[in-house]
Structure formats: structure tokens, C-alpha cells
Amino acid sequence: MTDTFSVLQRAQALLATGRAEQALTELSTLTANEVTSPYAMQLRCAALSRLDRWAEVGDAARAGLAASGPDPDLLLWLGRAEHEAGRDEAAERVLLDGLALAPHDVDLLCAYADLCLAHGQLDKAAKLVELAAARAPQAPVVYATRIQIAHARGDHREAQRISREFVGVHPENPAAHALLGGTSAARGQVDAAYEGFRQAAAARPTERAFAESAMELRVARHPLMLPLRPILRFGAIKTWLVAVALILLLRTAGLPVLAGLLGFAWLAYCVYSWVVPPLVRRWVLRMWR
């Protein structure tokens, strides 16, 4: 006979260490009646979401709701699945149903805030995360949502500040380090970004995205990539506009020789930016392996 409690404990432990496939295998040992229990379905949804199998997340949440009736956590997973599928009106209805059952649920409030962010409703999203923060100011999902709101507002400094606070409160959380890596990268701080993703990858080696981001930033940290930091910090278009503006300014000022020299320098810089990164990436990948 299946020891349901032990199976659920093992599945939860596997999920905590990023081993979603193994968690699903563990859950598959439950009987037909046990597998549709709310908590078992919540774990199944969590594991499937880690694998980006969102259609199956929606199916699992619906099955759990059909078997056990309304449940805020399953409605949360169904709302997220609908959002991932691009059915945002359905996602909103589901999340509101969940909030009707649990109006102070932090995860539901933050999921609804994410949905609002996707539609540019920044003020509404901010009010929702404020409600969540009033209940659990140091919850990881609250930090993550606050960072997304700051990023959506274009306030990368604030996003990075919140990320640092997140890491300080939850130093064991891989997502905190990854978000610090992402917000640092948005500010062109390559070393800090690399360290964030490196620690995230070390804490959760099964998360391929963390390792890939760390590798790309390791490429960006190579000494040959230093001249390209302005592009990494400001973007190719802004850097190009500044260069063109300077060339035109020198011509307007009656300094065609300097404008020509700057034009040649800019052309050489462009060639450098096309040729060097692939070579550095190939070298770093060889060393990485």
C-alpha cells in the first residue's frame, strides 16, 4: 500500500532541489484517489511548471478542482496556466475566483499583479503587491513581483536595490541570485550580473537557464570584451546614435578630418563587435567544458 504522506514528502523535497522530473515520477506512484487530492495536484502543477509544461499544468489544476472542489492554490495554478496560454480574460476570472476564496493570499495577489503588468496596468499591479507585502513583506514572490514592477517602470536602479534586499533576506534562494544577476545586467554591471547567475546556477544546477546566463556573462567578462561594454550597458542602437551624432557634430563644427577619423574608428569598432564576440564565446565554451 502506498504511503501517501511519504510520497508527498519525497516529491516536495525533490521539487525543492529542482528535480521536477523525479518529483513527477514519485507522484505517479500514488493511487487514482490519492493523485487527485489537492496537495498532490498542487505538487504536480509545481513540477510541471518547472518544466514549462503549462498546458499540462492547466489540465492537472482542472482535474484537481473537479475532484475536490474550489481550492485557492489550484485556482492559482489554473490562472497561471491560462496566462501562459495567452487566455488572459480566463486567467483573470480564475484568479478573481481564487481571491474571492482567499482575499489575502499572497501568491494569488502577486499572480494577479503579474497579469496586470502584462497589460501595462502598473498602478494596479503596484497596489496588489502592496496588499501582498502587507501580509508577507519578505515572501520571495513579493520580492520577485516588486522587481518586475520596478523593471516595467524602467527603474533599473530600484529593481537592483530590491534584488539585493531579496538576496540578503533569502541568500539560499536561487531565484533571488538570478534576479540580482538580471537586474545587474540591465544596468551594464557585468561582473555583478555574472556573480548573481553563477550563484544561482551553483544552487540549482538542474536549471539550465541559470547556467546558460552565467556562461554568456562569463563571455562578456572576458578582457577582449571590455571595449564592448558601452553596447552591453546602453544597447547597440543608443551607442550607434551617439557615434553618429558625434560625427555629425564634428562636421557641423567644421572639423571634417576629425569627423572622418571618428567615422573610421567607429567602422573598426563595428567590425570588432561583429568578429570578436563569436571568437571569445567559442574559446570560453571550450574552457567551460
Side-chain angles (χ1 to χ4, degrees), residues 117-122 125-126 144 146-167 175-201 208-289:
L117 276 178
H119 292 272
Q121 298 172 323
L122 301 186
R146 288 173 60 206
I147 291 165
Q148 294 303 319
I149 291 172
H151 179 72
R153 286 176 168 162
D155 193 345
H156 300 306
R157 183 185 296 274
E158 176 66 4
Q160 188 184 45
R161 186 196 66 76
I162 299 169
S163 298
R164 288 201 179 102
E165 184 181 334
F166 188 4
V167 168
H177 291 284
L179 284 167
L180 180 56
T183 55
S184 298
R187 299 193 66 202
Q189 297 176 4
V190 176
D191 292 337
Y194 170 72
E195 185 61 23
F197 280 111
R198 186 192 66 79
Q199 292 202 36
R208 186 176 175 182
F210 294 165
E212 289 177 348
S213 296
M215 189 278 292
E216 288 298 324
L217 286 160
R218 189 171 180 178
V219 171
R221 292 176 77 230
H222 194 279
L224 289 175
M225 296 291 286
L226 282 173
L228 301 179
R229 290 288 176 92
I231 293 178
L232 295 173
R233 172 66 180 90
F234 302 107
I237 294 177
K238 286 184 179 179
T239 307
W240 178 81
L241 288 173
V242 169
V244 170
L246 286 173
I247 292 169
L248 292 176
L249 183 63
L250 288 171
R251 285 184 177 177
T252 304
L255 300 169
V257 175
L258 285 178
L261 289 173
L262 181 57
F264 279 118
W266 173 246
L267 179 60
Y269 185 79
C270 290
V271 172
Y272 188 94
S273 70
W274 300 331
V275 173
V276 171
L279 296 175
V280 172
R281 182 174 287 103
R282 189 176 306 168
W283 170 256
V284 170
L285 274 173
R286 185 181 302 170
M287 299 295 292
W288 186 278
R289 292 168 184 168

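Both backbone and side-chain heavy atoms feed into the values below; hydrogens, waters and symmetry mates do not.
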Over all heavy atoms of both residues, which pair between L224 and Y272 is shortest? Give the atoms and the distance, please.
-> O-OH, 2.6 Å

Side chain to side chain contact (heavy atoms under 4.5 Å, CB included) between E195 and L217, intermediate numbers included | CA-CA 9 Å; E195 185 61 23; L217 286 160; over 6 Å; no

Nearest 0.5 Å please: distance from the CG atom of L117 over to the CZ atom of R153.
-> 9.0 Å

Under 6.0 Å from the CZ atom of R161, do we count more than 12 heavy atoms belonging to anything else shown?
-> yes

For residues 237-247, please give each side-chain donor-acceptor pair under 3.5 Å, one per line with the distance, not counting sequence neighbours.
residue	atom	partner	partner atom	Å
T239	OG1	G235	O	2.8

Hey, does E216 have a side-chain heavy atom less than 4.5 Å from the side chain of F197?
-> no

Considering all heavy atoms of both residues, which atom of H151 and which atom of A159 are nearest to each other, and what is their separation?
-> N-CB, 4.2 Å

Pairwise side-chain contact, R164 with L180, heavy-atom cut-off 4.5 Å (strictly under) = yes

Taking the side chain from H119 and the backbone from Q121, do they hold a donor-acceptor pair closer than 3.5 Å?
-> no

How many angstroms lie between atom OG of S163 and atom CD of E158, to the nearest 0.5 angstrom?
-> 9.5 Å

Compare every heavy atom of A185 with every heavy atom of A193, then report the nearest pair and how far apart it is.
-> CB-N, 3.6 Å

If you look at every heavy atom in V219 and R281, which pair is closest and at what distance?
-> CG2-CA, 3.9 Å

Can you list the steps and then say if H177 with V167 is a side chain to side chain contact (heavy atoms under 4.5 Å, CB included)?
-> CA-CA 6 Å; H177 291 284; V167 168; 3.6 Å; yes

Kindly write out the residues that satisfy ring-ring contact (aromatic ring centres under 6.0 Å, His included) with Y269, not counting sequence neighbours, or none if the list is empty.
-> W266

Find the distance between CG (L262) and CG (L255) and round it off to the nearest 0.5 Å.
-> 11.5 Å

Minimal heavy-atom distance between R229 and R221, with the atoms involved, is NH2-CA, 4.0 Å

M225 versus A220, closest heavy-atom pair with distance | CB-O, 3.4 Å

To the nearest 0.5 angstrom, please state how far the CD1 atom of I147 sits from the CG atom of L179.
-> 4.5 Å

Stepwise side chain to side chain contact (heavy atoms under 4.5 Å, CB included) check, Q160 with Q189 = CA-CA 10 Å; Q160 188 184 45; Q189 297 176 4; 2.6 Å; yes

